[in-house]
Structures are given as C-alpha cells and as structure tokens.
Amino acid sequence: MDSKADNGGKGTLCGSGSERTRVRDKVVVRRLTNSDSLRELTALIHDAYSELGRMNLHYLATTQDETTTRRRIDGGECWVAEAEGVLVGTILFHPPVRAGGGWYGRADVATFCQFAVAPSAQGAGIGTLLLETVERRATEMGVSELACDTATRAKHLVRMYRRRGYRCVACISWPNTNYYSIILSKSVGVRPRTQPAAARLLERVRFYCSMMTTMGVRRADGKARWWARVLKRLKSSVWE
Ligand SMILES: CC(C)(COP(=O)(O)OP(=O)(O)OC[C@H]1O[C@@H](n2cnc3c(N)ncnc32)[C@H](O)[C@@H]1OP(=O)(O)O)[C@@H](O)C(=O)NCCC(=O)NCCS
C-alpha cells in the first residue's frame, strides 16, 4: 500500500477546509442525461478508481470501456455531481432486482455501485452528497435496506461505509475480480430500523459464516475451488 492508500486511500484533497466547502457549494447533483458525455463519465470513473488499481484491486471500474459504462448505467439510475459544467462525481443506483438468492436478491434491498469522485475533488463532501442522494432514492422507493459491496482489502472504504451506518452482512466472490467483497447494508426508510442486540449478534454470526463459506468454496476470482468442483460432479452423477 502506498502512502495515499495509508491515508484512507484518498487522492488529492482540495486544499484547506474552506476551499473544500467552496467546492461542495458549487456542486449540483442530478440524473445523467443523453447530452452528457459517456467518454467524460468513463474517464472520471477510471481516474477515481485508479487509486484502487494501484492497490492491485481489479475493480471493473478501473478498466471498463464506454460500452460497459453504457451497459451498467442502462440497468439503473445514474446520478452525477457537476461543478461549473464539469462532471466531478457519479453513483449508480439500482432498485431491488427481486431475483436470485442472497442479500442482493431480496425484494426490500436496493443497491448502488460505480461510486466515484474525481481525485482532485475528493474529500470535499461530494461523495457524501451522492450517498445522500441514493439513500433518499431508496427511501422514496419504500425499500428498507440500501446495500453495496467493496473489496475486503479496501479497509478504508469498509471503514467509511461503517461510519455512515452500513453493516457488514455477507461476503461474495465476483467473477473477473481478484478480491473477495463484503456486502455492506444500511437500514433506510422514513423510520430506519434499529436492531436489537440479539439481532445484531445474529447478523454478525451470519456474516462470518458467509465469509468462511465463500472463501472455503470459491477463490477470489469467483471460480469454485477444486474440491467444490469435484463434489458438484459427484453430486450430479449420483442424482442423474
Ligand atoms: C469513495 C469516494 C467516492 C468518496 O468521495 P469523497 O468526495 O472523497 O467523499 P467525502 O468527501 O464526502 O468523504 C467521505 C468520507 O471519506 C473521508 N475522507 C475524505 N477525505 C479523506 C482523506 N483524504 N483521507 C481519509 N478519509 C477521507 C471523509 O472523512 C468521509 O468520512 P465520513 O463520512 O466518516 O466523514 C471517493 O473517495 C472515490 O472516488 N474513491 C475512489 C473510488 C472508490 O473508492 N469508490 C468506492 C468503491 S466501493
């Protein structure tokens, strides 16, 4: 990890506290429109995620091309932060998918991803504005949880989400990455739920079980471990 990563993985800050407040005051958060440039958006995403790339974390956002950006934003609501006509941040919100298993398949869980602020504008509160936007959208949609995932090794990000009230709920191994991810989720809504101590403990136990199962069965690149493949073959030959 380099010194920036030690410093919370952040890029260049916008100078003094008052300078940062001024940057935030100039920012407008709005939906992406057809007149916005996908090239500019993709370049912004690359710039922001480059720090994670230098930490050897292969997030899709470190290398995605414009076609991938288009495909990703077509599936959700893309929000951008603009300052004086320039895109300085973005976040992609998804309503519940209500399909598949696990935390992301739940009908009451909305998600977000592709969360990026230009390195020169980081630390000015723009990321917070974008997070507030998707948390508001989740509340408007009537879901009870808003979730995202990030690399277990990106400890500064896990800490940032936890400070904002996100809980570690599951572990997952995506294909085409080189890390395990933690799913973090926050109770949202008009009256966010406060969990009783027993429920918190149970959720923690579930999280560690999910971590052990995921890491036991899959490699960081999402592929099943050899013994899991053998077991699967055995199972199908016995049942078929
Ligand atoms: C994560 C990211 C979107 C946050 O955007 P931002 O505009 O810097 O966020 P903010 O200024 O609102 O600050 C958010 C948090 O980071 C902290 N932070 C800001 N600058 C920091 C720095 N230089 N060092 C350490 N922490 C810092 C803030 O204190 C704040 O924490 P808090 O909510 O507990 O107060 C931005 O840093 C980024 O694009 N990072 C690279 C891409 C990435 O990591 N995306 C998320 C993948 S899951």
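Just so it is clear, the values below take in all heavy atoms, side chains as well, and ignore hydrogens, waters and symmetry mates. Both counts, for ligands and for their atoms, begin at 1 and track the order of listing.
- Each of the following atoms of ligand 1 lies closer than 4.0 Å to a heavy atom of G123: 6 (P), 7 (O), 8 (O), 11 (O), 19 (C), 20 (N).
- Within ligand 1, counting atoms from 1 as listed, the ones closer than 4.0 Å to a heavy atom of M160 are 1 (C), 14 (C), 15 (C), 16 (O).
- Under a 4.0 Å criterion applied to the non-hydrogen atoms of G127, ligand 1 contributes the atoms 5 (O), 6 (P), 7 (O), 9 (O), 12 (O).
- Taking every heavy atom of L157 and a limit of under 4.0 angstrom, the matching atoms of ligand 1 come to 1 (C), 44 (O), 47 (C).
- Ligand 1 places these atoms under 4.0 Å from at least one heavy atom of A116: 39 (O).
- Checking each of S181, C171, S185 against D149 for a side-chain contact (heavy atoms from CB on, under 4.5 Å) leaves exactly one that passes, namely S181.
- Both L52 and I45 are assigned to one and the same hydrophobic cluster, defined by single-linkage of ILVMFWY side chains at heavy-atom distances under 4.5 Å.
- The residue L131 has no part lying near ligand 1, judged by heavy-atom distances below 4.0 Å.
- Residue Y59 has no N or O atom closer than 3.5 Å to an N or O atom of ligand 1.
- At a 4.0 Å heavy-atom cut-off, ligand 1 does not touch P119 at all.
- No part of L130 comes within 4.0 Å of ligand 1, judged by heavy-atom distances.
- Between R70 and E66 there is no salt bridge, since none of the side-chain N atoms of the basic residue sits less than 4.0 Å from a carboxylate O of the acidic one.
- Between E132 atom CD and W79 atom CH2 the span is 13.0 Å, to the nearest 0.5 Å.
- When the side-chain contact (heavy atoms from CB on, under 4.5 Å) test is applied to R71, the partners found at least two apart in sequence or on another chain are T68.
- E77 has a carboxylate O that lies under 4.0 Å from a charged side-chain N of R137, or vice versa, which qualifies the two as a salt bridge.
- Residue pairs meeting the side-chain hydrogen bond (donor to acceptor under 3.5 Å, both in side chains) criterion with at least one partner in residues 80-96, sequence neighbours excluded, are R30-E82.
- Of all atoms in ligand 1, numbered sequentially from 1 with element shown, those under 4.0 Å from a heavy atom of A48 are 39 (O), 41 (C), 42 (C).
- When each atom of ligand 1 is checked for a heavy atom of A124 under 4.0 Å away, the hits are 11 (O).
- Of all the heavy atoms of R163, the ones lying under 4.0 Å from any atom of ligand 1 belong exclusively to the side chain.
- Ligand-side atoms of ligand 1 in range of G125: 10 (P), 11 (O), 12 (O), range being under 4.0 angstrom from any heavy atom.
- Side-chain atoms of Y59 and T150 include a donor-acceptor pair closer than 3.5 Å.
- With salt bridges taken as basic N to acidic carboxylate O contacts below 4.0 Å, none links E203 and R206.
- Residue E51 places no heavy atom under 4.0 Å from ligand 1.
- Under 4.0 angstrom from ligand 1, there are no non-hydrogen atoms of F112.
- Checking only distances, A121 never comes within under 3.5 Å of ligand 1, N or O to N or O.
- Hydrophobic clustering of Ile, Leu, Val, Met, Phe, Trp and Tyr side chains at less than 4.5 Å, counting indirect connections, keeps V109 apart from L184.
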